[in-house]
Number of protein chains: 2
Amino acid sequence: MSKQLPVPAGTEDSGCCPPLAQESIPASDAAAAAGFKALGDPIRLQLLSLIASHAGGEVCVCELTPRFEVSGPTISHHLKVLRQAGLIDCERRGTWVYYWIVPAMLARLADLLSAPAAASV
Amino acid sequence: MSKQLPVPAGTEDSGCCPPLAQESIPASDAAAAAGFKALGDPIRLQLLSLIASHAGGEVCVCELTPRFEVSGPTISHHLKVLRQAGLIDCERRGTWVYYWIVPAMLARLADLLSAPAAASV
DNA sequence: TCCCTGGATTGATGAACGTCTAAGCAGAGC
DNA sequence: GCTCTGCTTAGACGTTCATCAATCCAGGGA
């Protein structure tokens, strides 16, 4: 994609305010942004909620699909997006496929939001 | 396979697992998904970080723009997206415009991530 | 073995997104 | 008033995304 302005970044000073501190969200931007982007869809957010709220910790796809008014392939696509973002994982068990939450990734994203919220109060 | 009628949701039982519990992420899906979508871009994530990590709690746009390799209007666009998502707010003060974090929205999104993560451990 | 079912993958299409250039608007200084 | 600077808005363009129909693959049962 376009990217043709190799500006040094940070060397300009307009004099309106003191220089900026180092950002608190480090170079993990790409992975974190991908995680948030995966969450940026109502269907995926609800899928994640349904999986997380299930008692056994894992849910069969056949339980998820009839909950939505979109086709099976679409649900499968959204589950794949969530899986590629590292938010969920799955395993085939006989006829059915089961999905479960990856708590570490969720906690990491939650931390990214908690830190700035607390720092700016 | 004909199945795109507005099914009541939850009335089908394939017999592979017990019925699903009520989801823990409620009807606030739309607003939350919009918030996460706004965070789903590396530039916006870094903008939020820069604003949140600033000592005074608010940052002049002229401090943000030179930090990125995209044009000024593009930064302005991303700031608008963040503002429409309720994550930041701004005010014109003389020549310059200042942005600051809205902690409540960040905290709310963080809670949405913390709850499922804790429930599924 | 064959067939049926559950689910993922592929390919196509319309909508949404990110980026740019150009133009517009609001303050500050001359 | 005029002009300059800081920032936003408008319009255009190429890319990415969400969705569906059709197809394919894996397991289980007769």
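Below, chains carry the letters A, B, ... as their sequence lines are ordered, and counting in each starts from 1.
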Asks: Calculate, to the nearest 0.5 Å, the distance between atoms CD and OG belonging to B:Gln46 and B:Ser53 respectively.
Replies: 9.5 Å
Asks: Can a donor-acceptor pair be found, under 3.5 Å and without considering hydrogens, that links the side chain of B:Ser76 to the backbone of B:Gly72?
Replies: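 Side chain of B:Ser76 to backbone of B:Gly72: no pair is present.
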Asks: Give the rounded distance in Å between these two atoms: CG of A:Leu47 and P of C:dG7.
Replies: 13 Å
Asks: Can you confirm whether A:Leu50 sits close enough to A:Val59 that some side-chain heavy atom of one is under 4.5 Å from a side-chain heavy atom of the other?
Replies: no
Asks: If you take any heavy atom closer than 4.0 Å to DNA chain D, which residues from residues 78-92 of chain B end up in contact?
Replies: B:Lys80, B:Arg92
Asks: From B:Ser114 OG over to A:Leu109 CG, what is the distance, rounded to the nearest 0.5 angstrom?
Replies: 10.0 Å
Asks: Do B:Glu91 and B:Trp100 make a side-chain contact, defined as non-hydrogen atoms from C-beta onward lying under 4.5 Å apart?
Replies: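 In short, these two side chains touch, coming nearer than 4.5 Å.
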Asks: Are B:Leu48 and B:Val97 linked, directly or through other ILVMFWY residues, by side chains that come within less than 4.5 angstrom of each other?
Replies: yes
Asks: Return whichever of B:Pro73 or A:Thr74 has its heavy-atom-nearest nucleotide of DNA chain D closer to the 5' end.
Replies: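 Checking each residue's closest nucleotide, the 5'-ward one belongs to B:Pro73.
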Asks: In terms of side-chain heavy atoms of B:Lys37, which of C:dT19, C:dC17, D:dT19 is nearest?
Replies: C:dC17
Asks: With a 3.5 Å cut-off and sequence neighbours excluded, list the donor-acceptor pairs that the side chains of residues 30-40 of chain A form with protein atoms.
Replies:
none

Asks: Might you list the N or O atoms of the protein lying below 3.5 Å from N or O atoms in nucleotides 28-30 of chain D, with each pair's distance?
Replies:
none

Asks: Hey, what do you get for CD (B:Glu69) to CD1 (B:Ile75), rounding to the nearest 0.5 Å?
Replies: 10.5 Å
Asks: Is there a side-chain polar atom (N or O) of A:Tyr99 under 4.0 Å from OP1 or OP2 of C:dA8?
Replies: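 Result: yes.
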Asks: Which whole-number value in Å describes the distance from A:Ile43 CD1 to D:dC17 C1'?
Replies: 13 Å
Asks: Can you find a side chain N or O atom of A:Ser76 that sits less than 4.0 Å from OP1 or OP2 on C:dA8?
Replies: yes
Asks: Quick check on the helix from C:dT1-D:dA30 to C:dC30-D:dG1: what's the angle between its two end axes, five base pairs per end, to the nearest 10°?
Replies: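 Taking the rotation axis at each end, their angle is 20°.
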Asks: Which nucleotide in the list C:dA8, D:dC7, D:dT19 gets nearest to the side chain of B:Trp96?
Replies: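 Side chain of B:Trp96 sits closest to D:dC7.
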Asks: Taking atom P of C:dT21 as reference, at what distance in whole Å does atom NE2 of B:His77 sit?
Replies: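 Going from B:His77 (NE2) to C:dT21 (P), I get 16 Å.
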Asks: Closest heavy-atom contact between A:Ile43 and A:Asp41?
Replies: N-OD1, 2.8 Å
Asks: Using atom CD of B:Gln46 as one end and atom P of C:dG18 as the other, report the distance to the nearest whole Å.
Replies: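 Roughly 16 Å, once rounded to whole Å.
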Asks: Could you state the atom-to-atom distance from CG of B:Leu45 to P of C:dG18 in whole Å?
Replies: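 In whole Å, C:dG18 P lies 13 Å from B:Leu45 CG.
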Asks: Just the rounded figure in Å: distance from P of C:dG27 to OH of B:Tyr98.
Replies: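 Those two atoms, OH and P, are 14 Å apart.
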Asks: Could you work out which one of C:dG7, D:dC7, D:dA18 sits closest to the side chain of A:Asp41?
Replies: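 The closest nucleotide is D:dA18.
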Asks: Which nucleotide sits closest to the side chain of B:Ser71: C:dT21, D:dC20, C:dA8?
Replies: C:dT21
Asks: Kindly list each side-chain donor-acceptor pair under 3.5 angstrom involving residues 82-89 of chain A, sequence neighbours excluded, with atom names and distances?
Replies:
from    : atom 1 : to      : atom 2 : distance (Å)
A:Arg83 : NH1    : A:Tyr99 : OH     : 3.3

Asks: Side chains of B:Ile51 and B:Leu79: does their closest heavy-atom pair fall under 4.5 Å?
Replies: yes
Asks: With sequence neighbours left out, what residues match A:Arg92 under salt bridge (charged side-chain N to carboxylate O under 4.0 Å, His left out)?
Replies: none
